[in-house]
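Step one of this worksheet: look at the structure below.
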Amino acid sequence: MGKYQQDSAQLLALVGGKENIAAVSHCVTRMRFVLNDPAKADVKGIEAMKVVKGTFTQAGQFQVIIGNTVSDFYNDFVAVAGVEGVSKDQVKKAAQQNQNALQRIMAALAEIFAPIIPALITGGLILGFRNCIDSLYLFENGTKTLCDLSQFWSGLDSFLWLIGEAVFYMLPVGICWSVTKKMGTTQMLGIVLGLTLVSGQLLNAYGVASAESIPCWDFGFFQVNMIGYQAQVIPAILAAFTLVYLEKFFRKITPPVISMIVVPFCSLLLSVIAAHFVLGPIGWKIGSVISAVVYAGISGSLKVVFGAVFGFVYAPLVITGLHHMSNAIDMQLTADFGGTMLWPMIALSNIAQGSAGLGMIALQRKNADAQEVNVPSCISCYLGVTEPAMFGVNLKYRFPFLCGMIGSACAAVVSVATSTTASSIGVGGLPGILSIQPAYIGSFALCMAIAIVVPFVLTYIAGKKKLSPADMGPVSVEAEVQSELTAVTAGKVELSAFVSGKVLDITEVPDQVFSQKTLGEGVAMEPTDSVLLAPADGKITMVSEDSFHACGLLLDNGAEILLHIGLDTVDMNGDGFKALVKEGQRVKREEKLIAFDPEKIKAAGHPLTTMLVVTDDAGQALRFQPGQELQAGQGIIAEIGE
């Protein structure tokens with residue numbers, strides 16, 4: 001037994017005992033628990049322990065921050081607890097038990113749509129641009145569009161539809177591919193399944209509402225409608241998961257000698273039959289019911305109530321693809337009454353989701369990676385194409401999507417109450433005001449203001465509570481301000497730059513363990529090279545096992561420091577890292593400690609930010625200037641000591 005035997009026994013009791021531990025692992029600073037019942041953990045008691053620097057829960061894991069002695073603590077803990085440690089991947093998998101059904105569904109949706117978000121953003125921007133040139137009647141007294149006046153713009157509009165069609169019409173292909181990729185089955189079968197949902201032999205989904213007759217497959221004793229599922233999500237997801245589980249089933253029961261023939265043939269054939277015979281018709285039946293309800297609501301005595309409901313649920317309908325059925329209602333309203341009150345609410349829903357995205361832009365203004373998705377998605381949404389913002393941003397965090405729905409409902413109530421009417425189906429989003437009948441432009445402008453302000457304010461307020469520091473990005477600091485930080489014992493030591501790059505305040509690191517100084521005071525750098533150097537003379541006290549992404553150093557003045565390359569790089573399991581020193585080894589200033597591959601780290605989705613943290617509490621000061629650009633081993637990044 002080691003020196004942490006008593007602390008381990010105490011922690012075991014406070015987390016609810018051995019029977020409450022589903023899995024346990026550790027990284028370079030934290031114990032990572034998956035608890036069967038998280039409510040049994042005495043968080044206050046755990047945080048009161050001398051050896052514990054803090055706790056937090058993330059992605060179903062209860063994490064207890066120990067510091068750079070966590071490896072020794074972990075060994076004592078598993079011995080005292082009588083449990084077996086598992087890999088970090090196994091901990092992540094086990095952590096799913098602490099997520100409710102909705103969280104698991106949302107996580108699965110996020111994983112499915114993550115690979116196709118760049119295509120959605122591109123398609124959204126292109127369709128938004130096409131809306132502006134082929135649907136805005138700005139010329140010759142509001143009778144012609146730019147495409148009507150210019151053959152060049154008309155040709156460009158037609159050409160760009162190639163990309164729009166590929167992204168949105170063919171969306172089921174991408175979804176089926178992504179589902180099979182996520183589930184580890186044959187991706188080519190997923191692509192083929194998706195193609196059968198959008199085949200040119202089928203009646204296009206956009207034309208079903210206005211079609212005089214629907215073609216069908218005639219099998220003699222029964223018929224099946226030949227309907228396509230362009231741009232629809234739920235039929236594609238259901239069909240893809242049907243394919244996945246059929247393939248797994250046939251692979252399990254089929255002898256290997258014939259599996260190459262039997263497995264793909266049976267799984268693809270049956271999943272295509274299920275998609276067109278069962279899943280698709282059910283989806284269209286749901287759409288028909290919704291259309292009937294919408295028509296009755298928009299023309300009835302309870303239209304204000306209906307406006308609130310429709311404004312609230314329209315965005316979820318976009319996810320299902322069932323929103324296309326609203327076109328039939330719009331056309332009927334236009335024919336009967338010379339305009340439609342439904343289309344303004346649809347445009348307002350676009351604006352509301354875009355405004356929720358705008359709230360995320362404000363919240364994550366320091367998170368450069370997030371802004372790469374937030375900004376173009378918001379622009380696309382304001383131009384009338386909501387899918388990039390909904391799938392890429394709002395659904396990912398959930399609360400922006402709900403805030404957008406609330407804002408849409410508020411705007412829809414005012415829209416219906418004032419009988420705001422559009423001349424016909426037009427441009428969604430902010431340009432939607434150009435399709436509104438002149439008598440109602442003022443009321444629609446008021447509705448637009450509501451759809452902008454309400455979701456933005458709600459998202460910003462909710463995000464302040466729900467987003468982690470890592471989600472929001474680093475906090476800005478004045479580049480020339482000196483930071484006074486608590487550290488170690490007597491004797492000043494100058495610390496040279498441990499990598500080349502820009503010096504950052506530790507509060508700018510997008511990880512709450514570092515930015516909130518849970519482990520201790522410190523300084524960070526954004527590396528421009530690929531080798532971690534010793535900032536001063538000392539002795540290696542720890543090199544992270546297996547992952548090699550961090551090491552501890554005892555300086556000659558008694559200060560204990562932790563050097564940590566990147567964020568969450570423990571998940572890389574050592575891929576891209578090479579330890580050049582061993583525990584117990586004496587090192588000199590500028591001596592190479594760890595080599596790392598920046599490209600691999602970036603490709604794995606981890607920030608490169610590298611930290612130096614003082615991990616003891618002996619009372620010295622660490623002084624440095626953020627904002628400097630230093631060369632590894634040459635510039636003095638900080639001074640530690642009284």
Side-chain angles (χ1 to χ4, degrees), residues 1-18 20-35 38 41-59 61-88 91-92 95 470 486-488 506 509 511-522 540-554 559-571 583 611-618:
M1 290 290 183
K3 65 178 181 178
Y4 297 109
Q5 181 179 354
Q6 291 184 347
D7 291 319
S8 296
Q10 183 181 1
L11 179 59
L12 176 63
L14 291 172
V15 297
K18 177 181 177 180
N20 197 35
I21 300 175
V24 61
S25 182
H26 76 94
C27 60
V28 72
T29 59
R30 318 166 200 179
M31 295 280 287
R32 297 171 178 247
F33 292 93
V34 176
L35 302 178
D42 183 354
V43 176
K44 290 184 178 180
I46 294 171
E47 292 181 344
M49 293 177 62
K50 204 176 230 187
V51 72
V52 173
K53 299 180 182 296
T55 69
F56 66 98
T57 299
Q58 188 176 57
Q61 298 180 32
F62 178 64
Q63 302 191 22
V64 180
I65 305 164
I66 302 296
N68 59 356
T69 60
V70 68
S71 180
D72 294 334
F73 187 95
Y74 173 80
N75 291 334
D76 285 352
F77 182 86
V78 294
V80 169
V83 297
E84 291 186 8
V86 298
S87 70
K88 291 174 285 292
V91 167
K92 287 184 177 180
T486 306
V488 282
I506 197 72
V509 175
D511 184 301
Q512 63 182 0
V513 172
F514 294 105
S515 63
Q516 295 179 7
K517 304 179 185 179
T518 307
L519 292 173
E521 308 288 3
I540 300 297
T541 58
M542 178 275 297
V543 178
S544 56
E545 299 176 1
D546 302 325
S547 55
F548 310 121
H549 68 293
C551 67
L553 190 64
L554 177 64
E560 295 179 8
I561 63 173
L562 170 70
L563 296 164
H564 192 290
I565 303 169
L567 299 176
D568 294 323
T569 42
V570 64
D571 294 337
E583 185 175 334
M611 288 68 64
L612 181 156
V613 180
V614 182
T615 56
D616 62 356
D617 301 312

What's the spacing between [X] [atom1] and [Y] [atom2] if we round to 0.5 Å?
X      : Y      : atom1 : atom2 : value
Gln6   : Leu11  : CD    : CG    : 13.5 Å
Ser8   : Asn75  : OG    : CG    : 9.5 Å
Ser25  : Arg30  : OG    : CZ    : 12.5 Å
Asp511 : Met611 : CG    : CE    : 7.0 Å
Ile66  : Phe73  : CD1   : CZ    : 4.5 Å

Can you name the closest pair of heavy atoms from [X] and [Y] and give their distance?
X      : Y      : answer
Ile561 : Thr615 : N-OG1, 4.3 Å
Asn20  : Val15  : ND2-O, 2.7 Å
Leu12  : Val80  : CD2-O, 4.4 Å
Gly82  : Lys18  : O-NZ, 3.1 Å
Ile565 : Thr569 : O-OG1, 2.6 Å

**Study point:** Plane angle bin for Tyr74 and His26 - parallel if under 30°, tilted between 30 and 60°, otherwise perpendicular
**Key:**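 If you compare the ring of His26 with that of Tyr74, the planes turn out tilted.
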
Exercise for review: Under the ring-ring contact (aromatic ring centres under 6.0 Å, His included) rule, collect the residues that match up with Phe514, sequence neighbours excluded.
Suggested key: His564

Check your understanding: Side-chain contact, heavy-atom cut-off 4.5 Å: Asp76 with Asp7?
Key -> no

Check your understanding: Tell me, do Asp72 and Met542 make a side-chain contact under 4.5 Å, heavy atoms counted?
Key ->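 Sidechains of Met542 and Asp72: no contact.
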
Can you give each donor-acceptor pair under 3.5 Å made by side-chain atoms of residues 41-52, sequence neighbours left out, with the distance rounded to 0.1 Å?
from	atom 1	to	atom 2	distance (Å)
Asp42	OD1	Gly45	N	3.0
Glu47	OE2	Thr55	OG1	2.7

Practice item. I would like to know whether Ile540 and Leu553 meet side chain to side chain contact (heavy atoms under 4.5 Å, CB included); could you show each step before the answer? Key: CA-CA 5 Å; Ile540 300 297; Leu553 190 64; 3.6 Å; yes

**Study point:** Side chain Thr541, main chain Leu554, donor-acceptor under 3.5 Å
**Key:** no

